[in-house]
Amino acid sequence: MIKKVYIKTFGCQMNEYDSQRILSIFEESGYDRTDDPEEADFAVINTCSVREKPKEKVKSEIGRLKRFKNSNPYFKIAIAGCVAQEDGEAILKENKSVDLVIGTDGIPKLYEAIFRVEKGERLAITEFYHDDFTVPIFNRNSSVSAFVTIMKGCDNFCSYCIVPYVRGREKSRHYKEILDEVKFLVDNGVREVTFLGQNVNSYGKTLDEKINFTQFLYMATQIVGLNRIRFVTSHPKDFNKDLVDLVASESKICEYLHLPLQAGSNDILKKMNRGYTFEEYEEKISYAKEKIKGLALSSDFIVGFPGETDEDFEQTLKAVNEIEYETIFAFKYSPRPGTKASSMPDNISDVEKANRLKKLLDAQQIITDKLLKRQIGEIQEILVEGKSKKDTNVYSGRNRKNRIVNFTSEKSLQNGEIVKVKITQAKKNSLFGNLEVS
Ligand code: SAM
Ligand code: SF4
């Protein structure tokens with residue numbers, strides 16, 4: 001009988017990419033994928049520890065999965081990702097139902113680990129590997145859009161952030177290997193890739209060959225059959241004019257930039273160790289807005305950082321109102337063990353953090369509404385990603401600004417087609433329109 005593997009992924013796109021890698025290794029080890037944990041023989045929880053909340057979810061997920069051990073004595077549970085890296089062996093000690101703990105750098109060791117766990121061992125693999133960062137091409141269930149990791153780790157040590165501790169030092173992946181992966185994906189139907197890194201603007205620094213992110217991106221634009229390129233995350237301190245000029249001139253690179261500001265107050269930015277002032281950030285954004293026609297911006301924010309006063313928070317609100325992002329991702333500050341900020345008094349009450357978060361998200365919704373309404377009447381380029389289950393004439397895709405657009409079409413369309421859609425309605429977080437027949 002074929003064995004089955006189930007995976008539950010928490011956290012960022014990097015984790016989604018890692019989950020795809022993990023699944024492909026299980027496939028090579030004789031497993032089929034399943035979305036139903038009940039029929040699985042191995043369940044993997046790929047975890048996130050960036051904030052306390054996703055970390056708590058891991059505990060309840062273990063609780064939910066362990067009951068399957070009663071009906072299937074061979075059922076195994078693995079904890080992967082950032083929580084695995086952070087807590088290592090302790091997870092095995094605290095949770096008798098967990099069989100394998102595999103950290104963020106341990107994925108290449110998974111072949112052997114699966115074999116050993118199947119034989120009844122319980123093990124934790126949490127070493128960091130400092131050799132070159134390579135990822136062999138792997139099979140995945142990508143539809144028309146795929147994530148591609150171009151670097152791992154982070155050297156920035158923002159004072160609130162656990163990533164440098166759980167993902168290790170920054171390492172770039174060789175550009176030839178990345179381009180080969182993209183070509184492989186394109187040959188298998190992918191039309192859009194999103195390059196992933198914690199700070200893509202420092203891509204290339206650890207490679208022997210001299211190459212920077214803009215040069216790499218230009219090479220990717222030359223891949224025949226690839227229609228769209230996106231990238232996250234650009235760190236504002238390293239984001240530069242060369243990159244803006246390339247985005248402005250290369251039609252394959254989408255006019256969408258995710259540039260996390262985190263806070264509008266210079267005092268807080270300094271305490272966060274972000275390496276830029278609001279004014280420096282604003283100058284870069286102004287250049288990008290001026291050069292890139294139809295640019296959509298997004299950002300991350302943390303509210304309630306230690307010592308954040310009402311005035312500091314007002315500056316964040318002011319920044320959001322001035323810059324007019326199309327989307328923001330905002331979080332209540334959550335102290336992470338071992339980070340510099342965790343030794344600063346977490347002096348903003350949870351109620352106050354929640355108030356600030358609400359204020360910020362409410363302010364953003366007004367801007368999102370305004371920017372989406374402004375797009376009514378535009379004819380936009382949509383990459384078709386699927387069909388509505390309820391209405392056969394309604395399709396779904398994304399515009400170049402990464403916004404979901406649902407649209408009607410009398411004509412039958414295939415996933416991966418690029419079509420023109422006239423926008424007729426703006427919803428809360430998506431757009432609606434009709435296929436433009438030429
Ligand atoms: N490398 C990206 C950058 O520099 O913007 C961010 C990666 S981090 C995984 C994603 C987001 O989580 C951050 O931009 C930040 O807003 C948020 N975050 C990180 N640590 C946090 C913490 N301790 N509390 C609340 N939010 C946090
Ligand atoms: Fe964390 Fe800062 Fe690195 Fe982003 S750049 S992953 S926020 S340390």
Side-chain angles (χ1 to χ4, degrees), residues 9-18 46-56 81-83 85-86 104 147 149-172 194-203 205 213 231-239 257-264 268-276 281 284-285 297-308 313 316 319-320 325 327-344 346-348 350 352-354 356-357 360-361 364:
T9 309
F10 292 99
C12 62
Q13 294 111 325
M14 202 79 87
N15 269 11
E16 282 180 38
Y17 180 84
D18 287 348
N46 194 9
T47 61
C48 168
S49 63
V50 165
R51 287 169 293 278
E52 184 64 28
K53 238 188 179 164
K55 205 176 156 177
E56 278 167 8
C82 299
V83 175
Q85 191 65 52
E86 194 186 346
T104 50
F147 294 127
T149 289
I150 65 167
M151 55 211 294
K152 68 172 183 177
C154 183
D155 286 348
N156 288 303
F157 290 92
C158 300
S159 63
Y160 51 81
C161 186
I162 200 163
V163 170
Y165 305 92
V166 292
R167 292 241 170 216
R169 295 286 58 73
E170 180 184 298
K171 273 257 170 172
S172 297
T194 303
F195 292 123
L196 303 177
Q198 296 300 349
N199 177 8
V200 291
N201 296 90
S202 70
Y203 174 78
K205 281 189 185 153
F213 183 57
F231 51 89
V232 280
T233 295
S234 272
H235 193 302
K237 84 178 157 61
D238 297 319
F239 179 75
L257 292 175
H258 180 62
L259 266 179
L261 173 60
Q262 309 295 358
I268 298 296
L269 286 172
K270 193 153 187 232
K271 283 194 196 161
M272 286 179 164
N273 191 31
R274 286 293 285 177
Y276 53 83
Y281 178 92
K284 291 186 182 188
I285 289 272
L297 290 163
S298 65
S299 183
D300 293 347
F301 287 94
I302 296 176
V303 298
F305 186 80
E308 184 187 68
F313 175 65
T316 296
V320 162
Y325 300 100
T327 310
I328 66 163
F329 305 91
F331 314 99
K332 291 191 280 183
Y333 168 71
S334 159
R336 307 312 300 128
T339 59
K340 191 151 178 243
S342 68
S343 62
M344 304 174 190
D346 181 17
N347 61 345
I348 316 291
D350 200 52
E352 184 53 30
K353 283 180 190 167
R356 290 182 188 178
L357 185 66
L360 185 58
L361 293 176
Q364 178 57 40

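Just so you know, ligand 1 is whichever comes first in the structure, and atom 1 is the first atom listed for that ligand. Throughout, numbering of the chain's residues begins at 1 and tracks the sequence.
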*Between Thr233 and ligand 1, does any nitrogen or oxygen pair lie at a separation below 3.5 Å?*
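Thr233 vs ligand 1: no N/O contact under 3.5 Å.
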
[X] heavy atoms, cut-off 4.0 Å: which ligand 1 atoms fall inside?
| X | answer |
| --- | --- |
| Lys332 | 24 (N), 25 (C) |
| Asp300 | 10 (C), 11 (C), 13 (C), 14 (O), 16 (O) |
| Val50 | 9 (C), 12 (O), 18 (N), 19 (C), 20 (N), 21 (C), 22 (C), 23 (N) |
| Tyr333 | 24 (N), 25 (C) |
| Arg336 | 23 (N) |

*Pick one of side chain, backbone, both or neither for how Gln13 approaches ligand 1, counting any non-hydrogen atom pair under 4.0 Å.*
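Under 4.0 Å from ligand 1, Gln13 contributes no heavy atoms.
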
*Part of Phe331 within contact of ligand 1 (heavy atoms, under 4.0 Å)*: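 For Phe331, only side-chain atoms sit under 4.0 Å from ligand 1.
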
*Provide the number and element of each atom of ligand 2 under 4.0 Å from a heavy atom of Arg274.*
2 (Fe), 7 (S)

*Considering the heavy atoms of His235, write down every atom of ligand 2 situated less than 4.0 Å from one of them.*
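Those qualifying, in numeric order: 5 (S).
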
*Return yes when atom NZ of Lys237 has more than 12 non-hydrogen atoms of other residues, nucleotides or ligands closer than 6.0 Å, and no otherwise.*
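More than 12 within 6.0 Å, yes.
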
Between [X] and [Y], a side-chain donor and acceptor under 3.5 Å:
| X | Y | result |
| --- | --- | --- |
| Thr104 | Gln85 | yes |
| Glu16 | Thr9 | no |
| Ser159 | Asn273 | no |
| Thr233 | Gln198 | no |

Considering only the protein, which heavy-atom contact is closest to [atom], and what is its distance?
| atom | answer |
| --- | --- |
| atom 7 (C) of ligand 1 | Gln198 OE1, 3.3 Å |
| atom 15 (C) of ligand 1 | Gln262 OE1, 3.5 Å |
| atom 5 (O) of ligand 1 | Pro260 CG, 3.0 Å |
| atom 22 (C) of ligand 1 | Ser334 O, 3.6 Å |
| atom 17 (C) of ligand 1 | Arg51 NH1, 3.3 Å |

Is any side-chain heavy atom of [X] less than 4.5 Å from a side-chain heavy atom of [Y]?
| X | Y | answer |
| --- | --- | --- |
| Arg274 | Tyr281 | no |
| Tyr325 | Leu259 | no |
| Tyr333 | Val303 | no |

*Which pairs count as salt bridge (Lys or Arg N to Asp or Glu O under 4.0 Å) when at least one residue sits in residues 299-308, sequence neighbours excluded?*
Glu308-Arg356

*So is Glu52 in contact with ligand 1, going by heavy-atom distances below 4.0 Å?*
no

*For atom 1 (Fe) of ligand 2, report each protein N, O or S atom nearer than 2.8 Å, sorted by chain and then by residue number.*
Cys161 SG

*Would the Phe231 and Phe213 ring centres measure less than 6.0 Å apart?*
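So the answer is yes for these two rings.
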
*Centroid-to-centroid, Phe157 to Tyr165, below 6.0 Å?*
yes

*From Ser298 OG over to His258 NE2, what is the distance, rounded to the nearest 0.5 angstrom?*
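Atom-to-atom, Ser298:OG and His258:NE2 are 5.0 Å apart.
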
*Does a side-chain N-to-carboxylate-O contact under 4.0 Å join Lys353 and Asp346?*
yes

